[in-house]
Amino acid sequence: MARLHAVTGRSVTPLSDGWELCMTGPGGTPAGDWLPAPVPGTVAQALRAAGLYRLGDPLPLHDRDVWYRVTLTGEGPCTLRFHGLATIAEAWLDGERILTSASMFERHDVPVTLRGAHALRIVFRALNPVLAARKGRGRWPVRLAEPAGLRGGTCPAGARPSRRSVPGVR
């Protein structure tokens, strides 16, 4: 991928090459084989490329932690920018946790200082233990339309909206 330059003169280096992944039990640390992983990409995509995942018979992935790793090299201060880390994630640089994220909709900028080669690891925690620890449903039930019979493709006025009912659309 090409190196991008911002208006400020700072360079932006996408970390899209050299990633590997390893799956462990919840709370485990990687000790097994690492597989090449596309970034951006998904766990299922990497497993499928390795011949370990079939679309017709998929493996359950929500009961496992998934670790990604890559080696960073650089000198001086920089910012690691994380976008769209799926669900419950942690980032580690040289064995020190530098980020905890609980939403894929948050963007995180983490200032670090690099001196040579460094090990960046990101772990995506298993969802099943997190969901099992939650007690019941949310307090506010979703009520999209009342009565419930209106939910079958009609609007509160009782008729299904059409393109002709929108002014200016024919």
Side-chain angles (χ1 to χ4, degrees), residues 1-55 58-140 142 144:
M1 194 171 252
R3 178 167 262 209
L4 305 174
H5 292 279
V7 175
T8 62
R10 294 183 177 186
S11 64
V12 176
T13 306
L15 298 176
S16 56
D17 295 325
W19 287 91
E20 298 176 303
L21 72 78
C22 181
M23 297 191 318
T24 67
T29 55
D33 295 329
W34 290 84
L35 304 171
V39 172
T42 65
V43 175
Q45 193 176 358
L47 293 174
R48 189 170 180 207
L52 301 172
Y53 188 89
R54 291 190 320 236
L55 293 178
L59 293 169
L61 300 175
H62 297 302
D63 60 348
R64 301 171 189 178
D65 287 354
V66 178
W67 291 79
Y68 280 77
R69 74 178 178 187
V70 71
T71 300
L72 301 178
T73 55
E75 292 295 328
C78 69
T79 301
L80 294 177
R81 182 165 288 153
F82 299 92
H83 294 259
L85 294 176
T87 318
I88 312 297
E90 299 168 4
W92 300 74
L93 186 64
D94 295 332
E96 179 183 338
R97 184 170 42 204
I98 59 172
L99 172 69
T100 301
S101 177
S103 172
M104 68 181 292
F105 300 107
E106 293 180 26
R107 179 178 126 178
H108 305 280
D109 291 341
V110 180
V112 297
T113 300
L114 300 179
R115 289 190 181 20
H118 299 272
L120 175 64
R121 290 188 178 194
I122 303 172
V123 58
F124 298 94
R125 296 295 180 189
L127 290 179
N128 283 352
V130 173
L131 296 175
R134 292 189 179 165
K135 303 209 187 235
R137 296 183 56 192
R139 293 186 222 189
W140 301 279
V142 177
L144 297 175

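Fair warning: this is a prediction, and the values are worked out from it, not measured in the lab.
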Task: Whether over 12 other heavy atoms sit under 6.0 Å from Asp33 CG - done: no

Open item on the list: Measuring from atom CZ of Arg121 to atom OG1 of Thr71, what distance do you get when rounded to the nearest 0.5 angstrom?
Closed with: 9.5 Å

Task: Spacing of Leu72 atom CG and Leu80 atom CG [to the nearest 0.5 Å] - done: 6.0 Å

- [ ] Identify the two heavy atoms, one from Ala37 and one from Leu21, that lie closest to each other, and give their separation to 0.1 Å.
- [x] CB-CD2, 3.8 Å

TODO: Step through the shown structure and confirm whether more than 12 heavy atoms of other residues, nucleotides or ligands are within 6.0 Å of CD on Glu75.
DONE: yes

Open item on the list: On a heavy-atom basis, which atom in Ala126 and which in Pro26 lie closest, and how many Å separate them?
Closed with: CB-CG, 4.1 Å

TODO: Would you give the length of the straight line joining atom CZ of Phe105 to atom CG of Leu85, rounded to the nearest 0.5 angstrom?
DONE: 12.5 Å

- [ ] Kindly write out the residues that satisfy side chain to side chain contact (heavy atoms under 4.5 Å, CB included) with Glu20, not counting sequence neighbours, or none if the list is empty.
- [x] Trp34, Arg69

Task: Atom of His108, atom of Glu106 and distance for their closest heavy-atom approach - done: CE1-OE1, 3.3 Å

Open item on the list: Within the 4.5 Å heavy-atom criterion, are Met23 and Leu61 side-chain neighbours or not?
Closed with: yes

Open item on the list: I need the Leu120 CG to Trp92 CH2 distance, nearest 0.5 Å.
Closed with: 12.0 Å

TODO: Please report the shortest heavy-atom distance between Pro30 and Cys22, naming the atom on each side.
DONE: CB-SG, 3.9 Å

Open item on the list: Give me the atom names and distance for the closest heavy-atom approach of Gly28 to Asp65.
Closed with: N-OD2, 3.8 Å

- [ ] For Leu114 and Cys78, work out which heavy atoms get closest and say how close.
- [x] CD1-SG, 3.6 Å

- [ ] Return yes if a side-chain donor-acceptor contact under 3.5 Å exists between His62 and Asn128, otherwise no.
- [x] no

TODO: Please examine the side chains of Leu59 and Arg64, heavy atoms only from C-beta on, and report whether any two atoms are closer than 4.5 Å.
DONE: yes

If you look only at distance, which donor and acceptor atoms sit under 3.5 Å apart when one is on a side chain in residues 44-55 and the other is two or more places apart or in another chain?
from	atom 1	to	atom 2	distance (Å)
Gln45	OE1	Thr42	N	3.1
Arg54	NH2	Asp57	OD2	3.0

Open item on the list: Rounded to the nearest 0.5 Å, what separates atom OG1 in Thr113 from atom NE2 in His118?
Closed with: 8.5 Å

TODO: Find the distance between CH2 (Trp67) and CZ (Arg125) and round it off to the nearest 0.5 Å.
DONE: 5.0 Å

TODO: Please name all residues satisfying ring pair (Phe, Tyr, Trp, His ring centres under 6.0 Å) with Phe82, sequence neighbours left out, ordered by chain then number.
DONE: none

